[in-house]
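Okay, so here's the structure we're looking at.
Chain letters run A, B, ... following the sequence lines, proteins first and then strands; every chain starts at 1.
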Number of protein chains: 2
Amino acid sequence: MTDTTVRAALSRDRILQTAVALADREGIGGLTMRGLAAELGVEAMSLYHHVANKEALLDGLADAVAAEMQDAVAALEATGDWKHDLRGRILTAREVMLRHPWAPGVFESRTSFGPHIVRYTDALVGLMRSGGMSHDLVHHAMHALGSRAFGFTQELFDPAGSADEDASPELLMQMAAEAPNLVEMLAHIAHDDPGSTLGWCDDQSEFEFGLDLLLDGLERRAERERLA
Amino acid sequence: MTDTTVRAALSRDRILQTAVALADREGIGGLTMRGLAAELGVEAMSLYHHVANKEALLDGLADAVAAEMQDAVAALEATGDWKHDLRGRILTAREVMLRHPWAPGVFESRTSFGPHIVRYTDALVGLMRSGGMSHDLVHHAMHALGSRAFGFTQELFDPAGSADEDASPELLMQMAAEAPNLVEMLAHIAHDDPGSTLGWCDDQSEFEFGLDLLLDGLERRAERERLA
DNA sequence: ACCTGAACACCGTTCAAGT
DNA sequence: ACCTGAACACCGTTCAAGT
């Protein structure tokens, strides 16, 4: 009960904070109970006094990221235009996600909500409700947005992992026979923007394209609902 | 070189086929190299003569599912309406995915394309091109669709895992204070459709809602492009 | 060429024991 | 109450040896 407690006292918060830093540094594969404990200067089993098991640790990690999103989003001011405000919140959430490349995978593997995730989600629902959308439409909207509501889309076949060899002309030749449309499209894209070497395309602009497609569609349904 | 070879001769195909059946039966967590080998009546290390490692096995699994999708999709006849045909292909792909609940997770963790995945994707691109969309727009469309092009969306916080306890009134009460909009929405949904007990909502209709939102939006952009 | 068995270097987690 | 160390039951994978 005094301020002179040992500086390194273990706590759930300190564990989560260290786990986030470790995952940022080494990727989610580098986050093991043993490794996390070592990082904290403690034995692996000590963690189990503050966290039920690894699943619970990951739940905590996801919620820690959601807390960061809440902080970032709090700085935004509301304009009263739900679509504009929603777009801003989601793109801000994305900035947080980009700081934690492992977070999308963890979010997708979660099965329960932490308090910060709940509050972030609640705010999105409130924003759409304030725009006059029905509960039903908002519900559809949340499902349609899916992970985009949290600022990410899990890229299918992310070329980042194997882009180096995949771009080889031999493989493109081999593909050309079986996938003429795909090859033609990729050639066209490469021609248009030869500078996009971090993957085949600009993730950010693709994210915004998909997001705007959905937001525009939702706005249309909302208007249709209002006139009914 | 004779037909009287031992019936149980190991081969890449037989390994993949058994792996799919095993994953269907026990989930992806039940698919281990050791377990798969046992299922084949063979030692674990024998698998490594036909498959480089587990990553390669999973690559093969994803492509096996894509092959099934190709088969299912081949039965569809083209109407010439790209949007209608694309919708049909994707919903057919979804039927295959629903037979393999582990497949979405495997698809999302892949980093390289198998031949069947490539051909399935190529057909989608061809369909949109036939509708007059530019390479650029088709490229955006593929990104916007993302995993939906393969008939699935990875549900965030799938309540299937913990729905039993999560629906408890105490927890809803506790949530009500911090998440009024969310609670109100969920209450409204439950009121509208008290029968939807497999999760909070009907995945199929939510999938189609999101898909149609995107397809409608793409159609609009395609028309805009045509007039430009 | 194909398959085997033992072994290695990891995991998450249980348990009895320490302070 | 909190932390430890050894141990258990798993993984994927390497390696030398069998046929």
Who pairs with D:dA7 - Watson-Crick or G-U, where each distance is under 3.5 Å: C:dT13
Separation of atom NZ in A:K54 from atom P in D:dA9, rounded to whole Å: 22 Å
To the closest 0.5 Å, what do you measure between CD1 (B:I90) and CZ (B:R148)? 9.5 Å
Ignoring backbone atoms, test whether A:H50 places a side-chain nitrogen or oxygen under 4.0 Å from the OP1 or OP2 oxygen of D:dC2. no
What is the separation between atom CG on B:L40 and atom P on C:dT4, rounded to the nearest whole Å? 11 Å
Round to a whole Å and report the spacing from CG of A:L57 to C1' of C:dT13. 14 Å
Taking the six-membered ring for Trp and the full ring for Phe, Tyr or His, determine whether the centres of B:H139 and B:H143 are under 6.0 Å apart. yes
Given DNA chain D, 5'-ward residue of the pair B:E55 and A:G41, judged by closest heavy atom: A:G41
Can a donor-acceptor pair under 3.5 Å be found between the side-chain atoms of B:H49 and the base atoms of C:dC3? yes
Look at the rings of A:F107 and A:F150 and say which category their plane angle falls in: under 30° parallel, 30 to 60° tilted, over 60° perpendicular. tilted
For the pair made of CE in A:M45 and C1' in C:dT14, what is the distance, rounded to whole Å? 9 Å
Just checking A:T32: base, sugar-phosphate only, or nothing, at a heavy-atom cut-off of under 4.0 Å? sugar-phosphate
note: A:L31, atom CG; C:dG12, atom C1'; distance rounded to Å ~ 12 Å
